[in-house]
Each structure stands twice: as structure tokens, then as C-alpha cells.
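Proteins come first, then strands; the chains are lettered A, B, ... in the order of their sequence lines, and each starts at number 1. Just so it is clear, the model here is predicted, and its values are computed rather than measured.
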Protein chains: 2
Amino acid sequence: MPSDTRRAPVSWQAIQADVLRRIEAGEWPPGAPIPNEVDLAAEFGCARTTVSRALRELAATGLLERRRKAGTRVALHPPGKATFEIPIIQHEVETRGCVYGYGLIAREMALATLHVRSRMALDPDASLLRLRALHLANGAPYMHEDRWVSPRAVPEILDVDLGRVSANAWLVQNVPFTQGTLTLCAKPAEADLAQALGCAPGAAIFTMERVTWLGRTAITFVVQSYAPGHRVTTTI
Amino acid sequence: MPSDTRRAPVSWQAIQADVLRRIEAGEWPPGAPIPNEVDLAAEFGCARTTVSRALRELAATGLLERRRKAGTRVALHPPGKATFEIPIIQHEVETRGCVYGYGLIAREMALATLHVRSRMALDPDASLLRLRALHLANGAPYMHEDRWVSPRAVPEILDVDLGRVSANAWLVQNVPFTQGTLTLCAKPAEADLAQALGCAPGAAIFTMERVTWLGRTAITFVVQSYAPGHRVTTTI
DNA sequence: CAGTGGTCTAGACCACGGT
DNA sequence: CCGTGGTCTAGACCACTGT
């Protein structure tokens, strides 16, 4: 009976981890070339495909730079891309162990302002659904939301009872989006925003502005203003 | 002579684009299951591996949800992950068409505060290099940086002339990092920060706090406070 | 149990881009 | 030119999980 000469398969995660280890250990310093895929495959005793898979993600995150013929190098400028998830507010609040609450402040049809039109790439006569709402954590103001929705993109929203379900939640469950733009900044609280959030006028407010698109049609533009002290944490 | 029956290879990008198109078109609405890999491979006339590759990235971005046996569905909560690159300040300023400037305000060895120690996982007696610096755009304050560097992790930095090269730039070009934590928030400007940035005390300041790690060793902790009006834009 | 995604293989061809 | 990464294939086995 012949001996079973098959190796245990080598996982791409294992290779990735080992490459990371060598970089951390200084074995492959920034800027240094690393062996090509064929050699690495031989060293690890696996198919080249597997090495490729392992290195692809490292290159995607920017830790490695790959060019045909030139080979693969440890990036000289570890570019550090940060990713963070756009939260579903209710989940976010409940994750912090608080009771979530929601209140609709205003609902109206309105002509888009110039600023909104430019962000959503709309015609000058575009009429949008404008919503202002407050999200609560344990009854305290958590985030104020000023939202514009295009009924042309999402006609169904006109029939939704947005006093009960937040536009955020409804859109998330009913309209997929394929692209989005997110802008982060700090703003002083305007008088009415300060009143809604229950903070002093001029307080430093963390603000997220978001436009989401389905193909080439803008679905919604929203300015979310968080109560003072809000922090967003992500991993690089 | 037999006719050449080979098909042109089907690229995973093409499959990915087509899947996206169907989702955008509403053919596969949120929550709906999509055909399994074998069926899709048959439909596209390619190997299952190629379909897998196409769908993997869509699942990674959260547009699709995949579970063994249950199959693949269009995500009900398109979670929207935003990614943005940690900028090299000089590049960022120059990209905006401004002349970059840099000034070191203070350089000292100091015991880490409790806050810094906890963020960097340091011993109570850890002595760190503390730097305060100002980055300028066209001579105007652009960003104030309060940085702590661990000489244990990066002893070479003690010999660098940080009056000429910013710690940011030096670290980026000389020390790779494998992990990092980024916190974003809005803060009112303290008196000395307001003076450094040339703004009113209490102004809303966009702040990024960052800790970077090489393996399990914290390299640096930095609080970057941007001049009022700063905005960060990313794509989802 | 059985269907589905996850992964690995060995081989092949191609595209890019230094030399 | 020709080395390197990028990709596709056809087949196989495995891991997870809903039924």
C-alpha cells in the first residue's frame, strides 16, 4: 500500500499571516521587494493561486505594492485606509445599551435648495420630500436629521407613515444603493439645532452629510448632527 | 480540422457589473435570493470560481449576504462601509493648491498622561516624546497636532530634527504600521488651541485621534485638530 | 442529510511594463 | 524581449448549516 503523499492544504490566510509577520519583524522592511509568487508558492508548498490570493488583499489595503514585472514590495507609504460602517441609528443606540426613540419634527414637500440640488444633481424645479427628525437615546436627544428624499427615485416613500418608522430605517430596508458620498465635519450648533438637541447654541456638533445613489439617480441627501460629545471610532 | 469551440473568457468584473445592474434595476430587490454559484456560472458560461470571485467582493462590501446552504441574498441592510485614506498632511494641503508649511511648537520628553497610557497600553512610568506642531496652508493655520511617540518602539526618532521634518512625514516614511485606531469627533477649541489655530475659543473643531501599532507595540498617539470649516469627504 | 459557499490545485494564457 | 502579476478553467474536497 503506497504511502499517502498528499500535503495538508495551505490556507491563504496562513500565508497572509506569515507575510504580515515578516513585515512586522522587519525581515521585509518598507520599500523592500519580496519574493515573487512562484517562489513563495514553492516555499509554502502551495499553488501560486493561493499566494496570489493572500497577497491581493494586502495590496488592496495598501500594505504591499504590486506591479507586473517589477514584482511586489512593502509599501513605502503605508497609506492607512480607514473603513467604518455607516450605522443604522437604532442599532447604534441599542448597542450602547440605551433605549432608542424617534420623533418626526417636520414633513413637507419643498423645492431643493441650491446646495441640495448640487449635491443630488437635480433639476432646478425638483420638488423633494423634506424631513426633520430627532433620534433619542434613553429619551435624550442623540442625533438630529435633516433629510431630503427624491420622490422620483422612491415614489413609495410618500405613502409611508414616517411618524412611526424613521426614513432611515425605511430606506435601508426598501431601497438598495450602489454608491454614496459621505462628508464629515464639525459645525457650531445653529439656534434651532441647539434647541432640538438640547445643547448650547454654538456648541461643537459632529456632522455627517450623506448622499446615496441608485445608479445615477440620487435617492436621498441627509445631514445628521450628533449631540455634543459623540465619537466615531474605526480601525485602520 | 476541427472548429475552435473555445469561448472568450468571461471576466469576474463583467459578472460583478451585471449583478450590480440587476440589483439596481430592481430585478433582485433587497432581501431577495439570487441564483447559486453553479447556476450563475452556467448562465454566464464560465467557471464557478469566476462567479465566486465576482460575488466575494460584493459580499465584502455588504451588498450581498452569503451563507452556506442558505445561498446568497441581496442585503436587506446595505450597511455602507465608508473608507477614507489617512492623509499625509503635506499632500493634502498641496492637493488643495496651497503652499504647505510646518512649524514645531514644542518638543519634550514627558510622562504619558493616564489617557495616553490607556490608549497606547503603556506602563505608568513610560516616558514619551511629546510634540506639538502646526501645519500651515498658504501660511494660515491648517491643523494642530499634539503627538506622543514611544521611543521604545521608535528609538531613531530621538535623533531626527523634527523642526524641519514633521513627525508625521518621518514616521510615515520610516515606520510601517500594521494596525491602527481612529477616532473622529467635534470639540470646542480650548484657549491655547484656539490661539494656535487663530480661531475663536469654543469654535467647533474637527478632531482626529489616531493610535498606530506595529504588532503589539504602540508607536504613536496623535490628536489632530483641524482649523474650523475643515471637511473630510469619502465614498461609500 | 444534502445543498451551498469556501477554498485549493495544477495548468494555462494574457497584459503590462522594465530592460 | 521576457519576467511578473492577473486571471480563467475544470475539478476536487471540505465546512457550514438549514431541513
Side-chain angles (χ1 to χ4, degrees), chain A residues 2-20 22-23 28 31-76 79, chain B residues 2-20 22-23 28 30-77 79:
Chain A
S3 65
D4 188 344
T5 56
R6 286 178 304 183
R7 298 164 281 91
V10 178
S11 78
W12 64 267
Q13 288 102 331
I15 298 176
Q16 197 176 71
D18 201 67
V19 170
L20 272 176
R22 298 193 198 181
I23 293 174
W28 292 335
I34 78 174
N36 68 34
E37 293 188 349
V38 175
D39 291 347
L40 283 175
E43 177 186 336
F44 286 107
C46 68
R48 182 169 77 95
T49 316
T50 307
V51 174
S52 185
R53 170 77 190 274
L55 299 185
R56 185 191 309 150
E57 300 196 351
L58 297 178
T61 68
L63 187 62
L64 296 179
E65 286 175 356
R66 321 193 74 190
R67 287 194 328 258
R68 289 165 152 115
K69 169 77 181 180
T72 302
R73 294 174 170 274
V74 180
L76 211 45
Chain B
S3 64
D4 188 344
T5 57
R6 287 179 304 183
R7 299 164 281 94
V10 178
S11 77
W12 64 267
Q13 288 100 331
I15 297 176
Q16 197 176 71
D18 201 67
V19 169
L20 272 175
R22 297 192 199 183
I23 293 174
W28 293 335
I34 78 174
N36 67 35
E37 292 188 348
V38 175
D39 292 347
L40 283 175
E43 176 186 335
F44 286 106
C46 68
R48 182 169 78 96
T49 316
T50 307
V51 173
S52 185
R53 171 78 191 272
L55 299 186
R56 185 192 309 148
E57 300 195 351
L58 296 178
T61 69
L63 186 62
L64 296 179
E65 286 175 355
R66 321 193 73 191
R67 285 195 328 255
R68 288 164 153 120
K69 168 76 180 183
T72 302
R73 295 175 169 272
V74 180
L76 211 46
H77 302 284

State whether A:Arg67 places a side-chain N or O below 4.0 Å from either non-bridging phosphate oxygen (OP1 or OP2) of C:dG18.
yes
Taken to the nearest whole Å, CD/B:Glu57 to C1'/C:dG5 is 16 Å
Output the rounded distance in Å from CH2 (A:Trp12) to C1' (C:dT7).
10 Å
Testing D:dT9, C:dC8, C:dG6 for proximity to the side chain of A:Ser11, the answer is C:dC8
Salt-bridge criterion met for A:Arg56 and B:Glu57 (N-O under 4.0 Å)
no
Indicate, yes or no, whether a donor-acceptor pair under 3.5 Å links the base of D:dG6 to the side chain of A:Arg48.
yes
From CD of A:Glu65 across to P of C:dG18 the rounded distance in Å is 12 Å
Protein-nucleotide distance (A:Glu37, atom CD; D:dT7, atom C1'), rounded to Å:
11 Å
Side chains of residues 31-41 of chain B: which donor-acceptor pairs under 3.5 Å do they make with residues two or more places apart or in other chains?
residue, atom, partner, partner atom, Å
B:Asn36, OD1, B:Val38, N, 3.1
B:Asn36, OD1, B:Asp39, N, 2.8
B:Glu37, OE1, B:Arg48, NH1, 2.6
B:Glu37, OE2, B:Ser52, OG, 3.4
B:Glu37, OE2, B:Arg66, NH1, 3.2
B:Glu37, OE2, B:Arg66, NH2, 2.7

By nearest atom, which of the nucleotides D:dG18, C:dT7, C:dG17 is closest to the A:Lys69 side chain?
C:dG17
Is there a side-chain polar atom (N or O) of A:Gln13 under 4.0 Å from OP1 or OP2 of C:dG6?
no
Nearest atoms (heavy-atom pairs only) where B:Ile15 meets B:Cys46
CD1-SG, 3.6 Å
B:Arg68 side-chain proximity, nearest of C:dG3, D:dG5, D:dG11
C:dG3
For A:Thr50 and for A:Ala70, locate the closest nucleotide of DNA chain C by heavy-atom distance; then report the residue assigned to the nucleotide nearer the 5' terminus.
A:Thr50
Given C:dT7, D:dG6, D:dA15, which nucleotide is nearest the side-chain atoms of A:Arg66?
D:dG6
Rounded off to whole Å, could you give me the CZ-to-C1' distance for the B:Arg56 and D:dG6 pair?
13 Å
Short side-chain to backbone donor-acceptor contact, A:Gln16 and A:Ala54, under 3.5 Å:
yes
OP1 or OP2 of C:dT4 under 4.0 Å from side-chain N/O of B:Thr72:
no
Report the distance from atom CG of A:Leu58 to atom CD1 of A:Ile23, rounding to the nearest 0.5 Å.
6.5 Å
Once you round it to whole Å, what is the distance between P of D:dG5 and CG of A:Asp39?
9 Å
Can you check the B:Arg53 CZ to C:dC8 P distance for me, whole Å?
14 Å
Round to the nearest Å and state the distance from A:Phe44 atom CZ to C:dA10 atom P.
16 Å
